[in-house]
Protein chains: 2
Amino acid sequence: MPTIRKAPTKSSGPSTLRESPAPPPSPQTLRADARRNRERLLAAASEAFAEHGATASMDDVAKRAKVGIGTLYRHFPTRESLLAATVEDGLLVFADRDWSRPSGSSADALGRFLEALAAHASTYRGLAASLGVVLASGTPGCHAASATGERLLKSAQAEGSVDRHADFGDVVCMATAIALATQQTPSDPERAKRLVRMFVDGLRARAKVSSSPASKKQRERRRH
Amino acid sequence: MPTIRKAPTKSSGPSTLRESPAPPPSPQTLRADARRNRERLLAAASEAFAEHGATASMDDVAKRAKVGIGTLYRHFPTRESLLAATVEDGLLVFADRDWSRPSGSSADALGRFLEALAAHASTYRGLAASLGVVLASGTPGCHAASATGERLLKSAQAEGSVDRHADFGDVVCMATAIALATQQTPSDPERAKRLVRMFVDGLRARAKVSSSPASKKQRERRRH
DNA sequence: CTCGTAAACGGAGGCAGCCTCCGGTTGTAT
DNA sequence: ATACAACCGGAGGCTGCCTCCGTTTACGAG
């Protein structure tokens with residue numbers, strides 16, 4: 001039932017131009033009942049997403065949590081924010097893992113990270129499609145994971161084992177791309193690994209090339 | 001009452017068990033009015049997809065074509081079939097293009113093909129997400145494009161400039177994935193090209209490695 | 001030209017999901 | 001005990017999907 005979902009289209013009628021779309025839901029200073037409901041919602045969401053993929057019905061999530069739909073939207077104004085909160089814990093342990101190995105280059109570590117990230121993006125069917133938005137949602141877990149990845153990339157580049165022109169955005173792109181691609185054709189579960197390895201090999205190959213004087217066109221591509 | 005999903009269940013009394021869900025709409029033996037409507041639908045769809053992306057409302061398409069919604073669904077039972085028909089022509093010219101160059105290896109040709117395919121998958125915003133389904137829809141254009149790609153890959157592999165373990169599925173996966181990922185973060189329009197290039201470099205690198213005796217771990221990754 | 005028939009049309013209607021809004025409820029500080 | 005801000009909950013309005021079936025129309029035979 002691959003019903004494609006639509007963007008949240010703000011129609012018109014600017015009754016009250018909300019300049020702050022919403023005060024950030026909250027940290028930990030919630031009233032007791034609110035915190036309780038938040039927990040239930042997260043648990044319910046986790047269940048629903050696991051069962052129906054990232055497009056599970058919001059109403060269903062609220063129902064599972066035995067909570068009004070209004071409550072859900074107050075805690076998590078968008079589907080993405082709910083997704084982000086759901087994977088937050090996973091991201092945190094993810095960021096804290098030690099990716100280096102006694103033997104092996106930094107490029108290898110980056111490869112392992114990339115592979116794990118792609119796997120992580122497949123936690124729920126359809127998660128990958130939102131991973132970009134999720135990672136940009138600015139939760140501690142997202143920051144931590146990004147920081148870790150960036151560190152790995154930088155160090156591999158410093159070591160010279162990875163192309164200096166790649167930026168972390170490319171890596172994230174690639175991870176989500178691979179996750180996306182493989183979950184579209186789940187026939188071959190090895191494909192993800194194969195693709196990751198090819199990508200990392202590509203990074204390596206360019207690392208060698210980039211020290212030759214031939215490539216000068218690519219210098220100006222530095223921004224972000 | 002958690003009746004969540006309703007299948008399209010024939011209500012009751014299975015008078016005629018439809019084994020073929022629907023006879024394939026038709027080739028060119030349509031009644032005059034039918035053919036006319038088909039054309040209008042395609043034009044309308046093209047417009048709507050261009051404007052709203054691949055998730056444009058079906059009702060809107062019908063309305064633009066000045067045709068009942070029922071007519072739309074008779075001609076194109078699913079959104080994907082409509083998408084496929086919409087890009088059909090493009091795929092045909094795509095398949096017929098000459099990808100080789102006087103100078104340059106077959107791997108280069110494959111790279112150009114891949115890049116173009118990724119670009120093609122971005123014809124409409126959101127097209128890439130369905131490209132897998134679309135390519136599997138079996139229209140002449142899809143067959144032609146697949147055949148062309150497969151030929152390029154095979155010949156690059158025969159020439160030894162590309163890893164023999166990659167299959168065409170990998171290539172399609174990567175093209176759609178790159179298109180998908182990059183259109184999620186359209187900040188850097190150069191990213192798609194960079195990623196494609198890295199991927200092709202990866203294919204090349206493995207081509208070299210695969211003949212050395214050092215890699216034994218990669219041997220068993222032979223299937224399909 | 002006239003019919004008869006199958007092919008094609010079209011849109012009402014039922015359903016699901018999204019999200020807002022606001023009257024009612026409840027935790028908590030004093 | 002009281003007050004009030006924070007929070008709850010779900011009805012309701014809206015959009016989009018897709019089926020079903022009565023009506024219209026093309027077109028081949030006579």
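Note on naming: letters A, B, ... go to the chains in the order of the sequence lines (proteins, then strands), and numbering restarts at 1 for each one. Just the heavy atoms: all of them, side chains too, but no hydrogens, waters or symmetry mates, feed the values below.
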A.B. asks: Measure the distance from CG on A:Asp60 to C1' on C:dC19 and round it to the nearest whole Å.
C.D. replies: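 A:Asp60 atom CG is separated from C:dC19 atom C1' by 16 Å.
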A.B. asks: May I have the distance from B:Arg36 (atom CZ) to C:dA7 (atom P), rounded to whole angstrom?
C.D. replies: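 Taking CZ of B:Arg36 and P of C:dA7, I get 18 Å after rounding.
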A.B. asks: Taking CZ from A:Phe76 and P from D:dC8, how many angstroms apart are they, rounded to a whole number?
C.D. replies: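 Going from CZ in A:Phe76 over to P in D:dC8 covers 11 Å.
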A.B. asks: Taking CG from A:Leu30 and P from D:dA5, how many angstroms apart are they, rounded to a whole number?
C.D. replies: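 That distance rounds to 18 Å.
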A.B. asks: Is any side-chain nitrogen or oxygen of A:Ser57 closer than 4.0 Å to OP1 or OP2 of C:dA16?
C.D. replies: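 So the side chain of A:Ser57 is outside the cut-off, no N or O lying under 4.0 Å from OP1 or OP2 of C:dA16.
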A.B. asks: If only atom types and distance count, is the side chain of B:Arg64 paired as donor or acceptor with the main-chain N or O of B:Ala44 below 3.5 Å?
C.D. replies: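 Side chain of B:Arg64 to backbone of B:Ala44: no pair is present.
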A.B. asks: Would you mind reading off the distance between B:Arg79 atom CZ and D:dG16 atom P, rounded to a whole angstrom?
C.D. replies: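 B:Arg79 atom CZ is separated from D:dG16 atom P by 10 Å.
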A.B. asks: Any idea how B:Phe168 and B:Phe113 line up, ring-wise: parallel (<30°), tilted (30 to 60°), or perpendicular (>60°)?
C.D. replies: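 Because their plane-to-plane angle lies in the 30° to 60° range, the rings of B:Phe168 and B:Phe113 count as tilted.
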A.B. asks: Under 4.0 Å, heavy atoms only, any strand: does A:Asn37 hit a base, just the sugar-phosphate, or nothing?
C.D. replies: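 Sugar-phosphate, no base atom in range.
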A.B. asks: Using OP1 and OP2 only, check whether a side-chain N or O of A:His75 sits under 4.0 Å from D:dC8.
C.D. replies: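 Yes, A:His75 has a side-chain N/O under 4.0 Å of OP1/OP2 on D:dC8.
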A.B. asks: What is the distance from CZ of B:Arg40 to C1' of C:dG10, rounded to the nearest Å?
C.D. replies: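 Rounded to whole Å, this separation is 13 Å.
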A.B. asks: Please determine if a side-chain N or O atom of B:Thr71 lies less than 4.0 Å away from the OP1 or OP2 oxygen of C:dA8.
C.D. replies: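 False: B:Thr71 side-chain N/O out of range (4.0 Å or more) of C:dA8 OP1/OP2.
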A.B. asks: Round to a whole Å and report the spacing from CG of B:Asp59 to P of C:dG13.
C.D. replies: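 Going from CG in B:Asp59 over to P in C:dG13 covers 15 Å.
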A.B. asks: Using side-chain contact (heavy atoms from CB on, under 4.5 Å) as the criterion, point out the one residue from B:Asp163, B:Asp201, B:Val200 that pairs with A:Met198.
C.D. replies: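 It is B:Asp163; the other options fail the test.
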A.B. asks: Rounded to whole Å, please give me the gap between CG in B:Asp33 and C1' in C:dA7.
C.D. replies: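 Rounded to whole Å, this separation is 8 Å.
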A.B. asks: Can you give me the closest heavy-atom contact between A:Leu127 and A:His120, atom names plus distance?
C.D. replies: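 In this case the closest contact between A:Leu127 and A:His120 is CD1-O, 3.8 Å.
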A.B. asks: Tell me which of B:Thr78 and B:Ala32 sits closer to the 5' end of DNA chain D, going by the nucleotide each one is nearest to.
C.D. replies: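 This one resolves to B:Thr78.
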A.B. asks: So, does B:Arg31 get its side chain near the phosphate of D:dC27, meaning an N or O under 4.0 Å from OP1 or OP2?
C.D. replies: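 For D:dC27, neither OP1 nor OP2 has a side-chain N or O of B:Arg31 closer than 4.0 Å.
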A.B. asks: NE2 of A:His143: more than 12 outside heavy atoms within 6.0 angstrom?
C.D. replies: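 Check fails, neighbour count at 12 or below.
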A.B. asks: Picking from C:dG10, D:dT19, D:dG10, which would you name as closest to the side chain of B:Val67?
C.D. replies: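 Minimum distance to the B:Val67 side chain belongs to C:dG10.
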